Amino acid sequence: MVPTDRLLAFAAMSFLLIVVPGPSVLFVIGRALAQGRRAALTTVAGNTTGAYVLVLGVAFGIGSVVERSVPVFTALKLAGAAYLVYLGVKAWRGRGSLRAAFTEDLTAAAAGHGGLRTFWEGFAVGVTNPKTIVFFAAVLPQFVDRDQGRTVAQMLLLGLVFNVIALASDAVWGLVAATARGWFVRSPRRLSLVGGVGGLTMVGLGVTVAVTGRKD
């Protein structure tokens, strides 16, 4: 299985990525502001399920290739790091558009959304989240101990750790946003600050991914 030090290091990096307000977090916050706690938590459940589907795809798809090929691993890592920086810059430049996105969520809420629909919308965001896709493809393989064997099982375990952290973090975001609905509505510009900080953090994470990893 995964050595404890690698597991803890992966958990720490996962936490840094998860708490950054990316597509999933912003979607959860939007549902919380528009529809309240229940919709936010349903969205979190769907989003987490979608994210683990990505884990399965990486573990059974590229896991064995990454295990055997250092060039492939390095290419994935650098491509992933570059894309994280790109997403961060994009989030920073588009931070002002968050207000429009949340206005759309409020309009959708007025039209009515069922719990099952909310779940599947959360699932769709989770399974197509570019930040998560890049992280699983370029970062997760770095923490697999090839000497221990059972690469797929290690990836599934690491992915489970990621999803447990994501479930807890996104739920907190949703509950806090639902509680602070009035505060955000009174000053929509505060949403721009959330997006701006998230963008800068994502750039930093991309740089970190580029300079770390196995050296063999």
Side-chain angles (χ1 to χ4, degrees), residues 1-29 44-45 47-59 62-63 66-67 70 73-74 76-89 91-92 125-126 129-148 150-177 194-216:
M1 281 291 103
V2 184
T4 302
D5 58 337
R6 293 195 183 201
L7 194 62
L8 293 176
F10 178 78
M13 182 166 283
S14 296
F15 178 78
L16 289 176
L17 179 85
I18 290 166
V19 297
V20 172
S24 294
V25 169
L26 294 177
F27 190 71
V28 169
I29 293 176
V44 169
N47 183 74
T48 304
T49 303
Y52 202 73
V53 169
L54 294 178
V55 174
L56 295 173
V58 170
I62 71 168
V66 169
E67 179 187 14
V70 174
F73 165 81
T74 303
L76 281 173
K77 182 184 75 167
L78 294 178
Y83 196 57
L84 283 174
V85 172
Y86 164 77
L87 290 175
V89 173
W92 169 260
V125 172
N129 186 346
K131 185 176 71 171
T132 307
I133 293 171
V134 169
F135 185 78
F136 287 154
V139 179
L140 189 151
Q142 297 186 36
F143 295 89
V144 172
D145 188 342
R146 293 174 298 153
D147 295 333
Q148 297 288 334
R150 303 184 65 183
T151 302
V152 171
Q154 290 188 58
M155 287 190 173
L156 293 177
L157 175 60
L158 291 169
L160 182 61
V161 169
F162 179 96
N163 275 269
V164 168
I165 296 172
L167 181 65
S169 176
D170 289 355
V172 170
W173 272 110
L175 293 174
V176 170
V194 172
V197 172
L200 292 177
T201 306
M202 210 179 305
V203 170
L205 184 62
V207 173
T208 301
V209 169
V211 300
T212 58
R214 78 192 197 205
K215 302 293 191 289
D216 55 335

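Heavy atoms only: backbone and side chains are in, while hydrogens, waters and symmetry mates are out. Since the structure is predicted, the reported quantities are computational estimates derived from the model, not experimental observations.
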What are the two closest non-hydrogen atoms of Gly126 and Leu54, and how far apart are they?
-> O-CD1, 3.5 Å
Are any of the side-chain heavy atoms of Leu160 and Tyr52 separated by less than 4.5 Å?
-> yes
Do the ring planes of Phe162 and Phe10 sit parallel (below 30°), tilted (30 to 60°) or perpendicular (above 60°)?
-> tilted
If every non-hydrogen atom of Met13 is compared with every non-hydrogen atom of Phe135, which pair is closest and at what distance?
-> CG-CE1, 3.8 Å
Indicate the atoms forming the closest heavy-atom contact of Ala59 with Val152, along with that distance.
-> O-CG2, 3.4 Å
Residue among Asn163, Leu167, Ile165, Thr132 satisfying side-chain contact (heavy atoms from CB on, under 4.5 Å) with Ile18 | Ile165
Would you name the heavy atoms of Met155 and Val55 that are closest together and state the gap between them?
-> O-CG1, 3.8 Å
Here the pair of heavy atoms bringing Val44 nearest to Ala171 is CG2-N, 3.9 Å
What are the two closest heavy atoms between Leu158 and Leu7, and how far apart are they?
-> CD2-CD1, 3.7 Å
